[in-house]
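Encoded as structure tokens, the structure appears first; notes follow it.
Given the structure is predicted, the values throughout are model-derived calculations rather than measurements.
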Amino acid sequence: MPTCLLCKKDVISGHVVCGDCAESMKPGAVQPALYGFAAWLGAELAGKNDVHVCSICEARKCGDDSMCGQGIAAWLRKKAEEYLNTGAYTGILGRLKTMCPFPEVFEDLDDADGPSKGEPRRKICHIRADYDDYRWWNTVQNANWDMGTPKMADEIDRTYAELTAYDALRDLNALRQFCWCHPEAKVGAGLADGFNFYLEGKTCDFWVRLITRDKDYNMYLHAYAKAEDAQGVN
């Protein structure tokens with residue numbers, strides 16, 4: 001199946017741009033890739049106290065306004081290439097999907113909040129984590145832990161460890177950059193800061209909710225039993 005040239009989401013055969021990206025290409029609308037780059041660049045600059053025009057331009061204090069403009073333009077192109085190169089994620093981040101491949105999980109709900117208004121019956125647990133500028137902290141919330149097996153527990157622990165590893169979402173900046181590279185995963189419109197991703201594991205399926213806000217929970221890793229392992233769940 002072909003993918004959208006802009007956001008890489010699967011599209012119907014015969015198209016090269018998906019509907020969401022086509023909508024963003026209307027006059028006066030900011031394309032998702034540019035929107036994400038601007039957000040990422042803003043976060044980068046906000047964390048630096050020594051950024052000014054002459055520090056951006058490699059020519060430094062030349063006194064030539066035209067040269068200054070060229071230097072800034074070159075710097076912006078370099079930063080854009082750095083941002084766009086992050087789109088080729090490997091490892092566990094490269095396996096995350098923005099379209100849910102197991103929608104039936106969210107259709108089979110328990111009756112905790114009324115008929116079919118509770119949690120998914122196949123939910124085992126979720127890990128809630130935040131980054132405190134030094135390391136990741138987490139707590140585990142059980143749902144149907146009795147449904148879990150040692151192999152499932154191992155995969156849940158391994159998945160969390162891989163997501164927060166140095167070559168993945170090692171800190172909040174890495175999490176933000178990954179999210180902004182996937183604007184199609186954004187929940188809501190405008191300046192929304194929640195993103196949904198999905199992962200098919202060997203013993204579990206995972207919903208990964210990432211949140212780019214500072215001083216808040218930044219990751220929710222929800223684990224669900226595979227359909228063949230959830231028979232008889234009440």
Side-chain angles (χ1 to χ4, degrees), residues 3-4 6-9 30-51 55-56 75-101 125-141 155-188 190-201 204-223:
T3 58
C4 172
L6 298 180
C7 74
K8 307 308 180 185
K9 183 165 41 179
V30 178
Q31 292 188 21
L34 181 57
Y35 179 93
F37 171 61
W40 172 75
L41 185 61
E44 287 281 296
L45 294 178
K48 300 180 183 300
N49 297 321
D50 59 347
V51 174
S55 68
I56 289 175
W75 181 82
L76 285 170
R77 283 194 294 270
K78 181 179 178 181
K79 298 300 287 186
E81 290 173 357
E82 178 183 336
Y83 169 77
L84 291 173
N85 284 340
T86 62
Y89 283 97
T90 59
I92 192 169
L93 296 186
R95 291 164 49 208
L96 294 181
K97 300 179 180 179
T98 57
M99 298 293 289
C100 181
C125 68
H126 73 261
I127 298 176
R128 183 174 64 180
D130 67 280
Y131 189 80
D132 68 351
D133 293 329
Y134 175 69
R135 56 163 290 182
W136 283 98
W137 298 89
N138 72 80
T139 56
V140 180
Q141 303 290 323
E155 183 170 34
I156 293 169
D157 289 342
R158 186 172 62 254
T159 298
Y160 174 78
E162 289 182 29
L163 283 171
T164 55
Y166 185 81
D167 60 351
L169 307 178
R170 61 183 174 274
D171 53 29
L172 188 54
N173 282 336
L175 181 147
R176 286 169 171 160
Q177 190 166 335
F178 176 72
C179 288
W180 291 332
C181 279
H182 296 84
E184 74 277 14
K186 185 170 59 174
V187 180
L191 299 176
D193 45 22
F195 296 76
N196 286 336
F197 298 92
Y198 305 91
L199 176 68
E200 293 180 284
C204 301
D205 290 322
F206 297 92
W207 168 29
V208 185
R209 179 69 179 269
L210 301 180
I211 300 170
T212 59
R213 288 191 299 272
D214 194 13
K215 301 186 184 304
D216 200 347
Y217 288 106
N218 305 115
M219 180 190 303
Y220 288 82
L221 177 63
H222 301 263

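Annotation: side chain of H182 is not in contact with side chain of L93 (no heavy-atom distance under 4.5 Å). Considering only heavy atoms from C-beta on, Y160 comes within 4.5 Å of N138 through its side chain. Between L96 and Y89 there is no side-chain heavy-atom pair separated by less than 4.5 Å. The closest side-chain heavy-atom distance from L210 to L169 is below 4.5 Å. Considering only heavy atoms from C-beta on, I156 stays 4.5 Å or farther from T159 through its side chain. You'll find the side chain of F195 reaches within 4.5 Å of the side chain of W180, heavy atoms only. Side-chain contact between N218 and W136 is present, with heavy atoms from C-beta onward closer than 4.5 Å.
Partner of Y220 under the side-chain contact (heavy atoms from CB on, under 4.5 Å) criterion, out of I211, N196, V208, I127: I211 alone.
Evaluation of the salt bridge (Lys or Arg N to Asp or Glu O under 4.0 Å) test over residues 129-138, restricted to residues two or more places apart or in two chains, returns none.
Here the CZ atom belonging to R213 is positioned 11.0 Å from the CG atom belonging to L172, to the nearest 0.5 angstrom.
Between F206 and A223, the shortest heavy-atom contact is CE2-CB, 3.7 Å. Of all heavy-atom pairs spanning Y198 and P101, the tightest one is CB-CD, 3.7 Å.
Ring-plane geometry between H126 and H222 is classed as tilted, the angle between the planes lying from 30 to 60 degrees on a 0 to 90 degree scale.
With hydrogens and angles disregarded, no donor-acceptor distance shorter than 3.5 Å links the side chain of R128 to the backbone of T139.
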